Each structure stands twice: as C-alpha cells, then as structure tokens.
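For the single chain, residues carry numbers from 1 onward in sequence order. Quick caveat: nothing in here was measured; it's all calculated off a predicted structure.
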Amino acid sequence: MNHTDTVGGGLLVRRFADLSTGIKMLAIISVALIPLGLIALLASLQSNRTADLQRRADLRVAVTEVSRKLGGELGADISALSAAADMVALGGKNEEACARLQTILRSRSARPSGFAIIGADNATACGTGQYRSGPPPFLPEMAEPRAIFRDLGIDVRVFSKSGTAAAVAHYPAATIANLVRPIGLRIGYSLTLLGEGDALTLASHERSSLRPTEQFETPVGLLGLNLQMSVERAPIGATELLLTFLPLLMWASAAAVSFLVVDRLLIRPLAELRAGIAGLQPGERYTMPAIRTPAREIRELAETFQRVGETLTVHEIDMAEALANQTRLTREVHHRVKNNLQVIASLISLHARGVPAGETAEAYASIQRRVDALSIVHRNHFAELADGGISIKSLIDELASNLRAGFAVRGPAPAIRTSTPSLRVTQDVAVPVAFLLTELAELSMACDRSASLAIVITLTDTANRALLSMESAGLRDSEMLVAKLAAGYGRIIDGLSRQLRVPLIRNGETGHFQIEISTIPQDR
C-alpha cells in the first residue's frame, strides 16, 4: 500500500517537474489563491441567496395584501347583499332595498357589473346590468354565501335569513384583476382566483422556459376562495453577476499578474538565453545576443556563457585543424599501403610469368587475386571518412571486374553478374566480404571453370541488415567441391564468416551461399 502511494506520488512529482516554469508558477499561485477566492465566492453566493429570500418574502407579502383587500371588498358587498335580501323577504320594501343596494355597490371599489334581488317564488324584485332582462340562472336552495364561476367572472350569491329571498352580484374578471393588482411589482406575474374545482384567470404573462417560476397561494378568507400568484424568478442583474464572479476575477487577475511578472523577469530572459546558447555552432565565432532583462543575475549568466562559448570556439578550431592533419596522415599511410600492395601484386605477376602453366601458375594467380581484393578495399577506404562508409556496390563491381580480368589470363573468364543496392558498410565488414567473395569465386573456378557467378545483395526486414549471396553451378555438391573444401577452402570460408559474426548458409543442390551482413544507416 505504501509502496504504491510512493510510486504514484513520485510519478506526479516527475510529471510536474516536466512542466515549464511558467506553468508551474501559474499552478502554484492559483492553488495558493484558491482558498481566498472560495471564501469570497461563498460570501457572494450567500449575499445573493439572502437577497433572493428577501425578494420572495416581499412577493408573499404583496399577494397576501391583495388577497386581504379582495376579501374585505367582497365581505362588505356580501353584507350589503344580505341586508337587501332581508328587506325583500320582509315584503313591501323592494324599491327601497334595490335603491339602497345600488347606492352601496356603486360606492365600492369592487363594483359589480350587475346585481339582482330575487323574492318569493323566484320573482325578480329588481335587477341591473346583465340581470335587468332576466333572473340569474339557477338559484339554489338556502345555503351559505357562495361564489359561482361563470361568464368570465364570479357570481356572489347570498340568501336572506328566512331563506325566502336572495341577492346576487356578478364580478367580471377584469374588475377583480384591477382590484387585486399588486402595487410596485415590476416583474411579470399571473393571478388566478381558485374556488371549489374552478379557476378564474385574472392576469397572465408570457413564461420563459429558461426561467423557473414560483407560486404563492393565500386564502381570501371567505366564499372558499384562494388567490394564487405565479411569478418568474427575477433575472440576475449585472451587479449580482459582478458580485458573484468578482472573487473569481480577482483570483484570475492575481494569478495572471504574478505569472506576467515571473514571465518578464525570469522565463523570457531564460528562453532568450537558451536560444542564444543554441546558436553555438562548431568552428564558428560565437556571440551571445543581448539579453533584455532587469534581472542582473541573468545578465551575468549570459556574459559567462559568452566567455565559455568563445573558449569552446577556439578549442574546436584547434581540434578541427588537428583532425585535418590526422586525416592527411591516415590518407598518406593508406596510400603507401595501397602502393605496397600493388608492388606485391606486380612481383607476384612477374614470378607467375616465369613458371610454366599448371598448378604453380594457378597458385600465383590465386594469390594475386587475393592481394587485388585487399587493394580494392584500401582504395575504397577513404569513402568511409568522407561519405560515411564504403559503398558496397562500388566494392563488389570493382571486385567482379578484377576477378574477370584475373581469370582471363589463363583462359576464358566466366560471366560474373552483380546486383547490389546503394548501401554502405564499414571497413570491418568490407574486408571479410571481399575475401569471402574471392574465396567462393576461386572455389567455383576450381570446380567448374565455365560456370557463371551471380553476386546479389538484398535488403531484409531488419533495419541495417542485408543478405549477401553468391550462386554458381561450380558450387553445387560434387566430389571435387568436397575435396576442395576439405583441402583448405572450408577453413578459410568459415574463418571469414566468423569475422562477420553470423553463420554462412550453404545450399549444395543449387550452389548457393548466403550470409547476413550489417550496413550503415542510410541517414548517417
């Protein structure tokens, strides 16, 4: 458990260490300022929440006040309607009751659009407005005062104490809406008057699906009526947004200012210093560009790098001159070796001419071809210094040409076909390859002088590896081939393959020899 935690912690530390200095500073400053920002943000949110609770309390008070106002107006009208119904029930006072009721209702704020008084046997004692032409529909039997929802309004119906007369007044929705309109409310709202299973819309507004709504419902206090108000939550204003996000803005601005200070004083000068150091080129006079920074330590560091760069430049120039001298000396040594090999080849050729044709002459010619193979490697050696390796194509083509010329001295030379891509190898590979091809060619000529030779190099799937193969009818299984291999060719070929550190693969049926060699990368 502890080991896992340690490894995980170490991984996080390494990843953090791999970040740039600017990102590290920004992360550290941001983490350090987060507690202060959170405290300020929570304080702002609490302030906004308190303001929202206060706003909801004000709305509840407003709907309660208008509900009480509606209850008071309807209560006064119910008392007037009840008194008029009692007068009609006593008989003989219809006109007086109607006149008094009309005077009272006209003086009220909740002025009905019409009223009617119904006497005994449902006879209309008087009626105004919409009840002037006929009695109201369905007067129930004696009951408590009640409200009937009809004709986009309500009927308030009241019975006399004796139950022989009744009075009714109709209040349109617009009249009630004007009566219960909240004063000073500047946001959209909806008002609904609720009864027993009925509802009357007094005011409505277009709702937004993006804003939640709140409902407040209070009882009117009579007739079983409730007043319901629906309002949208007030949108958050610019001031509230500013107060909410001001701590975050302060946190971000503090982190940004700190980052800019560090970036100007430290990060950018260091980046310029790194770019100036990267401009150091071998063999060229080094000049550190001017570092524009108020940090004295970084300017002194740049001056130190300037002195170090000048010293390195002088040393590199001296080393380049010494390397050039060494290259000239090495070239001279190899040139002398090549000349000595040519002298040896010439001496062998002179001695070969003085002996009659036969095994001795063949032995001289074989030795001369091996010396020529070594001379070819030395002639191509300087390509390794100039071009990054010895061209295997040039080496094999020149070797094949020399072999044909050497074999043609004692008779017709066999055809030698080569197929090699443009690859380069080191001298450690070129020398054993040249001798191996020479030995295999000598072995083929010893077994079948007329057999043609094919030297092919193909690329492999492995990077920097290639297959070298030689095929000839003279290398197929035969008694002479076995005798030649046992006489010395076999030991030489095996020794050369060991120098290449890979086994030599032989197919006696086809006369095919194959070995894998290492090459120099192409982009070297």
Heavy-atom pair of closest approach, residues Ala80 and Ile104: CB-CG2, 3.7 Å
Contacts of Asp397 that satisfy side-chain hydrogen bond (donor to acceptor under 3.5 Å, both in side chains) - sequence neighbours left out: Thr418
4.5 Å side-chain heavy-atom contact, Ser190 and Met229: no
Would a 4.5 Å heavy-atom cut-off, applied to side chains only, mark His170 and Pro112 as touching? no
Can you sort out the partners of Arg181 under side-chain hydrogen bond (donor to acceptor under 3.5 Å, both in side chains), two or more places apart, ordered by chain and number? Asn178
Using side chain to side chain contact (heavy atoms under 4.5 Å, CB included) as the criterion, list what pairs up with Ile148, not counting sequence neighbours. Arg146, Asp155, Arg157
Would you find a donor on one side and an acceptor on the other, under 3.5 Å apart, between the side chain of Thr128 and the backbone of Phe115? yes
Looking only at heavy atoms, which two atoms of Val220 and Ser67 are closest? And how far apart? CA-OG, 3.4 Å
Closest non-hydrogen atom pair, Gln499 against Pro432: OE1-CB, 3.7 Å
Can you measure from OG1 (Thr420) to NZ (Lys393) and round to the nearest 0.5 angstrom? 4.0 Å
Verify, without hydrogens or angle tests, whether Thr460 (side chain) and Thr462 (backbone) share a donor-acceptor contact under 3.5 angstrom. yes
Quick one: side chain to side chain contact (heavy atoms under 4.5 Å, CB included) partners of Glu73, sequence neighbours excluded? Arg108, Ser109, Ala110, Leu179
Can you name the nearest heavy-atom pair linking Asp77 to Tyr171, along with the distance? OD2-OH, 2.6 Å
Can you list the residues that meet the salt bridge (Lys or Arg N to Asp or Glu O under 4.0 Å) rule with Glu217, with sequence neighbours excluded? none
Would you check, one step at a time, whether the test side-chain contact (heavy atoms from CB on, under 4.5 Å) holds for Ile455 with Leu468? CA-CA 7 Å; Ile455 303 174; Leu468 170 66; 4.1 Å; yes
Start with the C-alpha distance between Leu225 and Leu193, add both sets of side-chain angles, then the distance that settles side-chain contact (heavy atoms from CB on, under 4.5 Å), and finish with yes or no. CA-CA 7 Å; Leu225 298 176; Leu193 189 62; 4.2 Å; yes
Check whether any side-chain N or O of Ser79 sits under 3.5 Å from a backbone N or O of Gly75 as a donor-acceptor pair, and report yes or no. yes
Please identify each residue that fulfils side-chain hydrogen bond (donor to acceptor under 3.5 Å, both in side chains) with Asp198, with sequence neighbours left out. none
In terms of heavy-atom contacts, Phe159 and Ser82 come closest through O-OG, 4.3 Å
Whether Ser160 side chain and Ala165 backbone form a donor-acceptor pair below 3.5 Å: yes
So do the side chains of Leu152 and Pro172 get within less than 4.5 Å of each other, counting heavy atoms only? no
Mind checking whether Val156 and Val168 have side chains closer than 4.5 Å, heavy atoms only? no
To check you understand the geometry: which heavy-atom pair defines the closest contact between Ala167 and Leu81, and what is its length? CB-O, 3.5 Å
Rounded to the nearest 0.5 Å, how far does CD1 of Ile457 lie from CG of Leu467? 9.5 Å
So which of Leu223, Thr175, Leu200 actually passes side chain to side chain contact (heavy atoms under 4.5 Å, CB included) with Ile154? Leu200
Sidechain-backbone polar pair: Ser469 side chain, Val456 backbone, donor-acceptor under 3.5 Å: yes
Is the closest side-chain heavy-atom distance between Val425 and Ser518 below 4.5 Å? no
Mind checking the NE2-CD spacing from His512 to Glu471? Nearest 0.5 Å is all I need. 5.5 Å
4.5 Å side-chain heavy-atom contact, Leu423 and Leu459: yes
Looking at CD1 of Ile390 and CD of Gln427, how far apart are the two atoms once the value is rounded to the nearest 0.5 Å? 5.5 Å
If you define the side chain from C-beta out and look only at heavy atoms, does anything of Val433 sit under 4.5 Å from Ile392? yes
In chain order, what residues pass the side chain to side chain contact (heavy atoms under 4.5 Å, CB included) check against Glu65, with sequence neighbours excluded? Val61
Please say whether more than 12 non-hydrogen atoms of neighbouring residues, nucleotides or ligands are located less than 6.0 Å from CZ in Arg501. no
Please lay out, stage by stage, how Ser497 and Val502 fare under the test side-chain contact (heavy atoms from CB on, under 4.5 Å). CA-CA 6 Å; Ser497 66; Val502 287; over 6 Å; no
For Ala177, the side chain to side chain contact (heavy atoms under 4.5 Å, CB included) test, sequence neighbours excluded, returns Leu202
Any residue meeting side-chain hydrogen bond (donor to acceptor under 3.5 Å, both in side chains) with Arg498, in chain and number order, not counting sequence neighbours: none
Verdict with reasoning, Val429 to Leu500, per side-chain contact (heavy atoms from CB on, under 4.5 Å): CA-CA 7 Å; Val429 175; Leu500 294 173; 4.1 Å; yes
Beyond-backbone contact of Cys98 with Ile117, side-chain heavy atoms, under 4.5 angstrom: yes
